[in-house]
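No experiment lies behind these values; they were computed from the predicted model shown. Labels below follow one simple rule: chain letters A, B, ... track the order of the sequence lines, proteins then strands, and each chain is numbered from 1. The basis for the numbers below is simple: all heavy atoms, side chains too, and nothing from hydrogens, waters or symmetry mates.
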Protein chains: 2
Amino acid sequence: MTVADVAREAGVAKATASRALGGYGAVSDEARDRVLAAAEALGYRPNELARSMNTGKSKTIGVVVGDIENGYFGLAMRGISDAAKRAGYDIILVNTSEDVEAEIDAVRLLLDKRVDGLIVAPASAYRTEHLREVHQSGHPLVLLDRRIESLPAVSVGVDIAPAARAATRALVAEGHRRIAFVSALGTDGERYSGLPLGVSSVTDRLVGILQGLEETGIPISPELIRFEAHGAEKTHAVIADLLALSEPPTAILLSDSLVALNVLLAFRELGIKVPRDVSVVAFDDVDWAAITDPPMTVVSQPIYDVGVTAAEELLRLMRGMAPDATTLRLPAALVERDSIGPVAVSAQ
Amino acid sequence: MTVADVAREAGVAKATASRALGGYGAVSDEARDRVLAAAEALGYRPNELARSMNTGKSKTIGVVVGDIENGYFGLAMRGISDAAKRAGYDIILVNTSEDVEAEIDAVRLLLDKRVDGLIVAPASAYRTEHLREVHQSGHPLVLLDRRIESLPAVSVGVDIAPAARAATRALVAEGHRRIAFVSALGTDGERYSGLPLGVSSVTDRLVGILQGLEETGIPISPELIRFEAHGAEKTHAVIADLLALSEPPTAILLSDSLVALNVLLAFRELGIKVPRDVSVVAFDDVDWAAITDPPMTVVSQPIYDVGVTAAEELLRLMRGMAPDATTLRLPAALVERDSIGPVAVSAQ
DNA sequence: TTGTAGGCGTTATCAT
DNA sequence: ATGATAACGCCTACAA
């Protein structure tokens with residue numbers, strides 16, 4: 001069923017039918033009625049592909065993330081989806097498994113499919129040529145969660161450093177001086193050797209932590225900053241390694257909820273009690289953080305709103321408007337529960 | 001940059017350029033080289049929209065779910081995404097908030113955008129005309145997680161009843177006779193009044209439970225079967241209500257991980273200890289189930305595989321092949337941890 | 001107000 | 001092997 005069919009059925013020309021159906025231009029009431037009736041009778045539905053072809057707009061936006069199964073992106077996705085739907089946009093979602101090559105392909109293909117705009121959580125802060133191309137060619141682009149210093153595209157995320165600093169100071173206030181940071185960030189086996197890291201959201205956490213440490217006069221120990229804690233086994237190994245240090249940490253900051261989960265699992269196997277043996281603060285206030293034993297002190301992030309904001313900024317860009325700002329950071333907050341305690345006597 | 005530009009640059013006709021670019025038909029090596037070089041030089045990228053228009057294939061599938069933020073669908077989505085990507089398909093994801101009207105609109109719009117196939121987790125077992133239309137009009141359709149009795153479309157989900165039965169019997173084996181079931185299913189305030197329910201995946205759980213009860217000679221108490229436990233407050237109310245019964249349950253089966261979370265929260269507020277005061281089994285083995293206090297006994301579901309299977313069945317359908325079966329159920333299993341204990345003395 | 005005709009960028013048909 | 005030309009289904013001048 002095409003416009004031509006409807007036009008024939010209604011006894012008018014294609015253009016008239018098209019106008020009546022699209023609700024634009026000038027059409028007599030009588031003609032419109034006939035066309036609409038014919039369309040109804042024939043069960044006509046417009047071919048959005050054809051429509052997109054000459055309007056140049058697909059009413060679709062592309063979203064590229066590393067891991068949709070991760071609750072963080074699931075929630076952000078929900079925010080993006082809700083905001084996009086309100087504006088009449090659909091979403092093509094691509095999962096890259098945090099693989100840059102997959103991200104590059106995805107961005108290209110999405111553009112080939114003529115999405116009107118792109119929201120990307122870049123897998124790497126180094127391999128960014130593809131995103132730079134997108135931005136420079138004038139395609140609306142919003143970076144999600146992660147920032148790329150050298151790329152002046154709009155980025156929407158969380159202002160996590162102040163909260164990281166507050167979390168660190170909360171730890172210090174309980175007497176902790178050996179404070180570790182554990183992240184899942186891939187670093188190709190490298191040890192910590194300075195900022196920035198490959199993913200800005202992790203860099204920001206560390207910046208806040210180091211700041212908190214410096215302010216309280218606590219020396220920074222590179223051996224307490226650990227990466228590549230992905231999966232239960234590797235995380236277990238990282239924790240075991242940390243605990244075997246001559247001066248083991250008495251408190252640990254966990255970079256995200258997945259790391260937190262695996263660390264808690266490792267603690268259970270190792271017979272470590274929180275906060276008796278070691279204090280813990282995790283980034284990201286997942287729903288289950290309140291039912292762990294003990295309830296976990298966390299840095300809460302407005303993830304849903306990050307998604308909504310990212311979509312809304314993209315919509316502004318797509319309308320040809322200027323962005324609200326090139327870097328938008330929503331506030332994070334420390335939610336104090338019971339996983340921080342005083343330094344254990346034996347460890348002092 | 002269009003095929004025409006490339007053709008001109010290479011000094012050949014559009015058709016030849018198109019053949020060389022598309023890698024089909026017969027093209028001389030020399031012509032191909034010239035075309036490819038020209039395309040490279042011009043930075044040519046095909047317009048997938050135009051391509052879709054006359055092939056009739058968009059290499060895109062539509063996925064409609066109720067709640068992407070729910071870990072269950074997030075994981076299924078990952079499975080779908082991985083399988084689809086392997087076959088070269090992209091995914092348009094629509095979230096309906098479990099609203100049937102939104103689902104109807106989504107299905108229509110997706111078809112208008114000419115997706116090659118549809119995977120839907122139907123919000124309702126009653127309002128299904130739109131899905132029937134899709135199926136009868138010959139569009140490849142796979143139902144995810146939930147079945148619709150009167151619709152002969154392929155459905156992929158979990159064979160949950162046997163596991164539900166096993167869970168129930170495990171409870172009975174510990175002496176429980178007052179066994180409740182709590183679900184978030186919306187029933188418009190109605191109390192339980194027989195099967196089937198509005199969502200087949202919940203029906204299946206209950207079927208298994210009732211079967212387990214009957215086999216062990218335990219009478220079925222409708223007042224122990226509760227719905228509409230969505231959100232912390234409502235769930236708290238449901239639990240309080242259950243516990244206030246003259247013969248309160250000594251064990252509770254939780255329909256999904258979100259319900260489980262809220263129930264655990266309610267228990268904590270009410271000072272209820274698991275399994276001392278009440279035993280618990282939850283459906284869905286979420287990652288955090290192993291770190292609750294105590295670790296939770298759950299019915300584990302191969303959710304990722306459900307997603308993969310759904311996508312693969314859809315791919316079969318899209319290739320014009322017959323489905324493997326009209327109803328595919330992957331096996332679930334009872335994972336015994338420590339949330340089941342003997343009936344409390346005071347409750348006997 | 002209505003109709004005619006051309007174009008969007010591909011692929012596909014049919015001669016040559 | 002290659003080229004001209006017609007679709008695909010819609011929108012949109014422009015003309016009537």
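- Regarding Met53(A), its CE atom lies at a distance of 8 Å from the P atom of dT10(C), rounded to whole Å.
- Distance from the side chain of Arg51(B) is smallest to dT11(C) among dT11(C), dG3(D), dC10(D).
- In the model, Arg147(A) has no side-chain atom that pairs as donor or acceptor with a side-chain atom of Thr203(A) under 3.5 Å.
- Applying the 3.5 Å distance criterion, the base of dC10(D) shares a donor-acceptor pair with the side chain of Asn54(A).
- Contact check on Asp82(A) versus Lys85(A) returns no salt bridge, with no Lys/Arg side-chain nitrogen under 4.0 Å from an Asp/Glu carboxylate oxygen.
- Taking every heavy atom of both residues into account, Gly66(A) and Phe73(A) meet most closely at N-CE1, 4.4 Å.
- Rounded to whole Å, the distance from NZ on Lys59(A) to P on dC10(D) is 18 Å.
- dC10(D) atom P lies 12 Å from atom CZ of Arg8(A), rounded to whole Å.
- No side-chain donor-acceptor contact under 3.5 Å links Arg114(A) and Thr60(A).
- Residues satisfying the side chain to side chain donor-acceptor pair (under 3.5 Å) test with Asp112(B), not counting sequence neighbours, are Arg45(A).
- For Leu36(B), the side chain to side chain contact (heavy atoms under 4.5 Å, CB included) partners are Leu21(B), Arg32(B), not counting sequence neighbours.
- End-to-end axis angle of the helix from dT1(C)-dA16(D) to dT16(C)-dA1(D), from C1' rotation axes over five pairs per end: 40° (rounded to 10 degrees).
- Salt bridge present: Lys113(A) and Asp90(B) bring a charged side-chain N and a carboxylate O closer than 4.0 Å.
- Nearest approach of Asp145(B) to Ser201(B), heavy atoms of both residues: OD2-OG, 3.5 Å.
- Applying a 4.0 Å cut-off to non-hydrogen atoms, the residues of residues 23-44 of chain A that approach DNA chain C are Ala26(A), Val27(A), Ser28(A), Ala31(A), listed by residue number.
- Side-chain polar atoms of Arg132(A) and Ser150(A) form a donor-acceptor pair below 3.5 angstrom.
- Straight-line distance from the CG atom of Leu49(B) to the C1' atom of dG7(C): 15 Å, rounded to whole Å.
- Against DNA chain D, the stretch residues 105-115 of chain A makes no heavy-atom approach under 4.0 Å.
- Where Gly11(B) and Ala50(B) each meet DNA chain D at their nearest nucleotide, the meeting point lying more 5' is that of Gly11(B).
- Annotation: proximity of residues 13-20 of chain A to DNA chain C (heavy atom, distance under 4.0 Å) is found for Ala13(A), Ala15(A), Thr16(A), Arg19(A), numbered in ascending order.
- Separating the CZ atom of Arg45(A) from the P atom of dC10(D) is a distance of 11 Å, rounded to the nearest angstrom.
- Of all the heavy atoms in Leu141(A) and Leu131(A), the pair that sits closest is CD2-O, 3.7 Å.
- For Ile91(A) against Val63(A), the heavy-atom pair with the smallest separation is CG2-CG2, 3.7 Å.
- Asp67(A) and Tyr72(A) form no side-chain donor-acceptor contact under 3.5 Å, judged by distance and modelled atom types alone.
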Please lay out, stage by stage, how Arg78(B) and Ser97(A) fare under the test side-chain hydrogen bond (donor to acceptor under 3.5 Å, both in side chains).
CA-CA 10 Å; Arg78(B) 177 70 193 269; Ser97(A) 305; 3.1 Å; yes
